[in-house]
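The block underneath contains the structure these notes are about, expressed in structure tokens.
By convention in this document, chain letters (A, B, ...) are assigned in the order of the sequence lines, proteins followed by strands, and residues within each chain are numbered from 1.
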Amino acid sequence: MDRYDAQRIEERWQRVWEDAQAFHVENPRPGAAAEERHWYQLEMWPYPSGILHMGHVLNYTMGDVATHFRRRQGWRVVRPMGYDSFGLPAENAAINEGGHPREIVERNIATIRTQMKRLGWAVDWQREISSHDPDYYRWTQWLFLKFFEAGLAYRKEAPVNWCPNDQTVLANEQVVDGRCERCGAEVEARNLTQWFFRITAYADELRRYELPPDGEWPERTKTIQRNWIGRSEGAEILFRIEELDLDVPVFTTRPDTLFGATFFVLAPEHPLVERLAERSPNAGDLREYARKAGAKRGEERAAAEEKTGVFTGYFATNPVNEARIPIWVADYVLMEYGTGAIMAVPAHDERDFAFAQRFDLPVVQVVAPREGEVVEGAAYVEHTGDEVLVGSAQFSGMSSPEGKRAVVDWLAGRARGRDAVSFRLRDWSFSRQRYWGAPIPVVYCDDCGIVPLPYDELPLLLPEVEDYRPRGVAPLASNEEWMRVACPRCGGDARREADTMDTFVDSAWYFLRYAEPHDQEAPFDRAAVDYWLPVSQYIGGIDHATGHLMYSRFFVKVLNDLGLVGIREPFARLFHQGWVQQGGTKMSKSKGNVTGPDELLERYGADALRLYILFLGPADQDMEWSESGLEGMARFVRRLWRAVGEVAERPATDAPATGTLARKAHETIVRVSDDIGRRFQFNTPIAAVMELVNELSRAGADDPAARLAAETAVSLIQPYAPHVAEELWQRLGHERLWEQPWPQADESQLERGTFELVVQVNGKVRDRFAVDAGLSEEEMVARAKASARVQAHIEGAQVRKTIVVPRKLVNLVVE
RNA sequence: GCCGAAGUGGCGGAACUGGCAGACGCGCCGGACUCAAAAUCCGGUUCCCCUCGGGGAGUGUGGGUUCGAUUCCCACCUUCGGCACCA
């Protein structure tokens, strides 16, 4: 038997698959009956800001196992691949390396493609796409225009997150602990005019999951998304400012405490503040306070030790009791949430209470515990839910929930209030003052305002610029020739939008493009999308829970409402792989702690590496990368090679494959199929096949079931180690294992003639021995009591109770 | 503070529905082969006690349910993740 040579074998089969286009799958022809079961396997596409590391190896190998497994179970499986090549990650990499982003990403893509092929991943290479390709971003722009027409993309001035290092605006989702997700710089607040997607219009829907019947999302991901969206039910109530003849709405979740409102607070950014300042004796202080507060980010404000604020000199009238309460401006009220104005009820809100204490404002309790009484003096009363209203005129005596309802109804009858829901989610800011992204296809015309480009002018190509590095203004603005344009509507002078789109716009729809990736007529082919989507199994990091995964869901819901797709959710089943860590932190290029696969591929081969990364632990848990076990996995591959090779060198016989080795083979089929298929567990199947190979080695190649065991082991390990499996399969006299049906266990072979009877005394195992499988419960007890070891523990005692688990154990309970 | 996940040998982990804790692998120890080494193969490897038959303890801690708990319930500790001046 020749020596196992991973390099030679892997190179050979990769060429075979390439020549056969083994993993290419055609879309069904229009009108063809779609009887076949089909499956869309997808892992999140990589950023080509660098090349592959062990985290990628884990992710895509997992997808690969799932792909082979489904394919061989008779499913029509599409498994595409592409590159998230536009945007900040790629551009920053280019800046670091000092080249043009296009050159850098295209070089990285070429390397990644080579690495992916070297790892033997079963990808349909005819569906390869890149988001920086005009063939792709043309359609990103097309989708923007659709959103714009629908009023779902708009421009507004708003306080936004500014990264001083990357010199660009960031979405809320890209700010982590007050820092830029990409570079770690502390984010500042700036008031800028930016483009937004109206994702808040879908806030309620995004909290619901309209998954297909076989769909399944991890609960923790849904929880993260629901937390991010946030949702509070309450009421909007109008307070009147007589002096200005103006009604100001507030949002509250506690309309039952309306009688306890003792003051009123506006956020510093509230438009009304300037109007009040105009006629206020306190104008100087007011403007100064509002200006300072507006420059602080929410977190800075929250970190403040003591509440701050300024009295405006005005009063608002409480609609329920005509009380006139002072209007303050304070930065603990946020403009972005609710209406940017609140009624302050210090007795029943901790923050209002702290403010009232600080500025010596009255505290009036209007809700009391059912059994308790009204607390005398100024105090904050914790909300328990089981309370009654007090001092609230006709509402007194009602329970808290009844009070809420009754107060809102009363206000609604006088057009002073209504039910309202508030979300934490903000609209998605997606314009970036950066070069490397899809240009936003609009122009600004003095006469016509914002004018979208006509569809037939797409793609609006990203122009070349002298210097693409970020400097606070969009680099595209420096290309004057490109910026100057005739208005598509009136033909007059106009200027282009110089900002580009965020990377996450590109990735919010790429899974649709894969269905018909080279369509020149449309972003995606409706029939192909209807066939393949939603993605059957999506695999990627949980770090995208509030970003990419939410944006993609939003896009699909909008496209559905526009009649462009039939689905309401993009991803039916979602799985998060754990992080491959090095030195205790997630392996990533930006952290500089990466180990790449190239050297390991050379030393151990793709099969050993693929097996090892999945054997390291449960795929959904974080794992510390360590090379120490890889040699052991290479050992296993050689053991497989030898054990199966010895069988292959013998002529096949007609002798029936029976006995313990045959049963082990069938048991292994059951275990592996169940682990991958039902449990989506990838480490234990490897252990199961190891056991089978160990048993085959022990039994020897002349065991009557040796050939069955060898073929089964090779067939079951194929999704993990496709090259060596294919080679051995051929040596066993067969062909094209990648197309062979997944093995089926023979039920009759699983039957055991005996089983191991476990005997416990008082729940402790005292003996175990093989007995006939057909034993009745009485016989099992008799055999148990007959055991000398058991006797030693029940002698002289009385058996008070006997528990029998058929075909498993007997437990004797004694005094 | 609120919400969620996880704690098992020296290490990664297994034990799916309450029924043999530690599968499989790494590492380590011993042996075979060898002039020697590598490779390979065989045996051992949770801890403590032991007269070598075996006995006791043991899945973060403390309780509970049960004939029986890594698994279910309660409280707590630790670690990680999400949210947090969101009215």
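Between A/Phe239 and A/Arg416 the shortest side-chain heavy-atom distance does not fall below 4.5 Å. Using a 4.5 Å heavy-atom threshold, the side chains of A/Leu549 and A/Leu574 count as touching.
As the counterpart of B/U78, B/A6 is assigned, both hydrogen-bonding distances of the Watson-Crick or G-U wobble pattern falling under 3.5 Å. Pairing of B/A39, defined by two Watson-Crick or G-U wobble distances under 3.5 Å, is not identified with any nucleotide. The pairing partner recorded for B/C83 is B/G1, the criterion being a Watson-Crick or G-U wobble arrangement whose two distances lie under 3.5 angstrom. Base-pair partner of B/A14: not found among the strands shown (Watson-Crick or G-U wobble, both distances under 3.5 Å).
Protein atom CE of A/Met550 is 10 Å distant from nucleotide atom P of B/C83, rounded to whole Å. Whole-Å rounding puts the A/Asn762 CG to B/G56 C1' distance at 15 Å. Regarding A/Phe682, its CZ atom lies at a distance of 18 Å from the C1' atom of B/G12, rounded to whole Å. Look at CG on A/Leu812: it is 14 Å from P on B/G68, rounded to the nearest Å. With rounding to whole Å, A/Asp349 atom CG is found 9 Å from B/C85 atom C1'. One can place CH2 of A/Trp625 at 16 Å from C1' of B/G13, the figure rounded to the nearest angstrom. The interatomic distance linking A/Lys222 (NZ) with B/G81 (C1') rounds to 18 Å, in whole Å. Rounding to whole angstrom units, CG of residue A/Asp5 and P of B/A39 are separated by 18 Å.
Counting non-hydrogen atoms under 4.0 angstrom, A/Val345 reaches nothing in the nucleic acid. Among the protein residues, A/Lys307 comes within range of the nucleic acid bases, having at least one heavy atom under 4.0 Å from a base atom. Across all strands, A/Gly632 comes closer than 4.0 Å only to sugar-phosphate atoms, never to a base (heavy-atom distances). Using a 4.0 Å heavy-atom distance criterion, A/Asn694 is classed as a sugar-phosphate-only contact. If you check every strand for non-hydrogen atoms under 4.0 Å, A/His793 touches sugar and phosphate atoms only. Residue A/Arg766 is in sugar-phosphate contact alone, with no base atom involved, counting any heavy-atom pair closer than 4.0 Å across all strands shown.
Between A/Thr308 and A/Tyr332, the side chains place no donor N or O within less than 3.5 Å of an acceptor N or O (distance only, hydrogens not considered).
Only the P atoms considered, B/C74 is 13 Å distant from B/A5, to the nearest whole Å. Taking the C1' atom of each, B/C72 and B/U65 are spaced 8 Å apart, rounded to whole Å.
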With the sugar-phosphate defined as primed atoms, P, OP1 and OP2, and the base as all remaining atoms, what B/S/- string results for nucleotides 40-53 of chain B, 5' to 3', for protein heavy atoms under 4.0 Å? SS------------
Sequence-aligned protein contact record of nucleotides 14-21 of chain B, with B where the base is within under 4.0 Å of a protein heavy atom and S where only the sugar-phosphate is: SSB--BBS
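The nearest heavy atom of RNA chain B to A/Ala341 and to A/Leu616 marks one nucleotide each, and the one closer to the 5' end goes with A/Leu616.
Heavy atoms only, all atoms of each residue included: A/Ser232 and A/Tyr337 are closest at OG-OH, 3.3 Å.
Distance from the side chain of A/Arg424 is smallest to B/A84 among B/A87, B/G25, B/A84.
In this structure, A/Arg426 is not positioned above the aromatic face of A/Trp228 in the sense of NZ or CZ being under 6.0 Å from the six-membered ring centre and within 45° of the axis.
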